[in-house]
Amino acid sequence: MTAARVEPFFHADTGTLSYVVADPSSCRAAAIDPVLGYDPVSGRTDAAPAEAIARYLDDEGLRLDLILETHAHADHLSGAGYLSERAGGAIAIGAGICAVQRHFAEVLNLEPAFRADGAQFDRLFAGNDSFRIGELRGRVLATPGHTGDSVTYVLDGMAFVGDTLFMPDGGTARCDFPGGDAGTLYDSIQAILSLPDDTRLYVCHDYQPDGREFRFVATVEEQRRDNIHIGGGVSRADFIARREARDRTLALPRLILPAIQVNIRGGRLPPAEDNGTAYLKIPLDRL
């Protein structure tokens with residue numbers, strides 16, 4: 001079988017990595033964590049990051065089968081809705097999205113028609129579910145802890161871990177969002193690190209500690225040995241204490257409010273109001 005081909009896309013404004021995974025033998029592909037640009041000052045969206053993926057698919061003669069979200073991101077708007085309309089592809093996310101939707105539907109007092117049952121997505125994945133990209137067979141690891149809906153996509157010697165792990169010198173995800181839990185994250189990371197040592201782990205962000213060169217992939221062996229938060233055999237209790245202490249020092253992501261409102265809708269904007277304009281809400285004194 002021909003090995004999968006991976007093409008990264010970097011959105012500098014949010015520091016987000018998206019990926020296209022393609023099966024060269026069938027010319028079928030999946031996009032992972034696409035981005036929709038957003039300017040919080042003007043309220044303008046920018047489809048350019050997702051359009052770059054669509055153009056790549058066109059140029060390479062690839063058919064998009066799946067758009068895989070690792071979770072409902074809090075640091076960027078998802079480009080899944082735009083990309084699905086532009087290039088096709090079923091939008092998928094972990095089944096834990098329903099709990100995320102219920103929480104934020106209440107916090108944001110969303111419109112009565114909003115359904116907190118995952119209906120905005122084409123597929124809801126549970127742990128050990130499988131998927132295909134052409135002749136490539138993949139499986140889903142449920143990896144909650146950063147958020148309740150976080151999943152990891154595993155195929156062909158690779159795993160796409162979302163925010164669960166960063167590069168080894170960047171550590172691990174925060175756990176102070178709704179549905180997050182440091183002990184659960186520890187357990188999820190152990191599941192990822194039980195994959196074969198040479199499995200390549202692709203991250204969703206690289207914050208380039210100390211200004212080092214940009215990187216987005218490390219092996220299981222490298223993460224198990226060198227990760228500053230989880231490597232070297234750190235105990236569960238020590239990890240929880242360190243993670244919770246660090247989380248208390250972190251500010252909320254600057255795009256969390258617009259991002260959540262779009263991302264729990266499968267990367268689509270809220271419905272337009274009677275004047276034809278869509279609006280995002282800012283709940284005062286809730287977060």
Side-chain angles (χ1 to χ4, degrees), residues 14 16 31-36 38 40 43 45 50 66-85 89-129 131 140-153 162-164 173-182 184-185 188 204 252-274 277-287:
T14 60
T16 302
I32 301 174
D33 291 331
V35 175
L36 180 72
Y38 176 72
T45 60
L66 288 169
I67 300 170
L68 302 173
E69 297 279 17
T70 55
H71 63 295
H73 303 268
D75 45 28
H76 69 268
L77 278 63
S78 168
Y82 175 89
L83 188 58
S84 182
E85 290 187 9
I91 303 172
I93 198 168
I97 188 63
C98 299
V100 177
Q101 290 175 323
R102 287 193 295 271
H103 176 84
F104 283 103
E106 188 276 325
V107 168
L108 296 163
N109 194 32
L110 295 182
E111 69 277 4
F114 179 81
R115 295 172 58 182
D117 60 1
Q120 300 81 358
F121 299 84
D122 300 301
R123 294 185 67 178
L124 299 182
F125 283 130
N128 296 317
D129 279 354
F131 61 93
V140 179
L141 284 180
T143 48
H146 171 54
T147 61
D149 63 331
S150 292
V151 294
T152 292
Y153 298 105
D163 291 1
T164 297
R174 64 193 296 168
C175 299
D176 56 338
F177 294 153
D181 179 82
T184 302
L185 181 66
S188 293
C204 193
L252 289 174
R254 67 185 178 95
L255 294 182
I256 184 170
L257 287 171
I260 285 295
Q261 293 176 68
V262 170
N263 296 350
I264 62 175
R265 301 175 189 272
R268 301 177 182 90
L269 301 180
E273 299 193 9
D274 56 10
T277 299
Y279 291 85
L280 297 169
K281 290 187 171 186
I282 299 178
L284 300 178
D285 303 320
R286 282 297 305 266
L287 300 186

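- Judged by distance alone, the side chains of Thr16 and His76 do bring a donor and an acceptor atom under 3.5 Å apart.
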Does the pair Asp75 and Thr14 meet the rule for a side-chain contact (heavy atoms from CB on, under 4.5 Å), with working shown? CA-CA 7 Å; Asp75 45 28; Thr14 60; 5.6 Å; no
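- Between the side chain of His146 and the backbone N or O of Cys175, no donor-acceptor pair lies under 3.5 Å.
- In this structure the side chain of Thr70 never reaches within 4.5 angstrom of the side chain of Thr152, judged on heavy atoms.
- Shown here are the side chain to side chain donor-acceptor pair (under 3.5 Å) partners of Gln261, two or more places apart in sequence or in another chain: there are none.
- Counting only heavy atoms from C-beta outward, the side chains of Ile264 and Phe114 approach each other to under 4.5 Å.
- The side-chain contact (heavy atoms from CB on, under 4.5 Å) with Pro258 is formed by just one residue from the set Thr45, Leu36, Leu77; it is Leu77.
- Take Arg102 and apply the side chain to side chain donor-acceptor pair (under 3.5 Å) test, not counting sequence neighbours, and it matches no residue.
- Within the structure, salt bridge (Lys or Arg N to Asp or Glu O under 4.0 Å) pairs that include any residue of residues 255-264 do not occur (at least two apart or interchain).
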Verdict with reasoning, Asp122 to Ile91, per side-chain contact (heavy atoms from CB on, under 4.5 Å): CA-CA 5 Å; Asp122 300 301; Ile91 303 172; 3.8 Å; yes
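- Here the closest heavy-atom approach between residue Ser84 and residue Gly89 is recorded as OG-O, 3.0 Å.
- No donor-acceptor pair under 3.5 Å is formed between the side chain of Arg123 and the backbone N or O of Leu66.
- Ser78 meets the side chain to side chain donor-acceptor pair (under 3.5 Å) test with Glu69; sequence neighbours excluded.
- Between Ala142 and Ser188, the closest heavy-atom pair is O-OG, 4.3 Å.
- When the salt bridge (charged side-chain N to carboxylate O under 4.0 Å, His left out) test is applied to Arg115, the partners found at least two apart in sequence or on another chain are Asp117.
- Just one residue in the list Thr147, Asp163, Asp149, Asn263 forms a side chain to side chain donor-acceptor pair (under 3.5 Å) with His71, and that residue is Asp163.
- Minimum interatomic distance between Ala95 and Leu124 (heavy atoms only, all atoms of both residues): CA-CB, 4.1 Å.
- The minimum heavy-atom distance linking Tyr153 with Ala92 is given by the pair OH-O, 3.9 Å.
- Contact detail for Gly266 and Ala80: the closest heavy-atom pair is O-CB, 3.7 Å.
- Classified by interplanar angle (parallel below 30°, tilted 30° to 60°, perpendicular above 60°), the ring pair Phe125/Phe131 is tilted.
- Surrounding CD1 of Ile282 are at most 12 heavy atoms belonging to other residues, nucleotides or ligands under 6.0 Å away.
- Between the side chains of Ser150 and Thr164, not a single donor N or O lies within less than 3.5 Å of an accepting N or O.
- With rounding to the nearest 0.5 angstrom, the CZ atom of Phe104 is 4.5 Å from the CD1 atom of Ile260.
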Atom pairs and distances, side-chain donor-acceptor, residues 105-112, under 3.5 Å, sequence neighbours left out:
unit_1: Glu106; atom_1: OE1; unit_2: Arg286; atom_2: NH2; d: 3.1
unit_1: Glu111; atom_1: OE1; unit_2: Arg265; atom_2: NH2; d: 3.2
unit_1: Glu111; atom_1: OE2; unit_2: Arg265; atom_2: NH1; d: 2.8

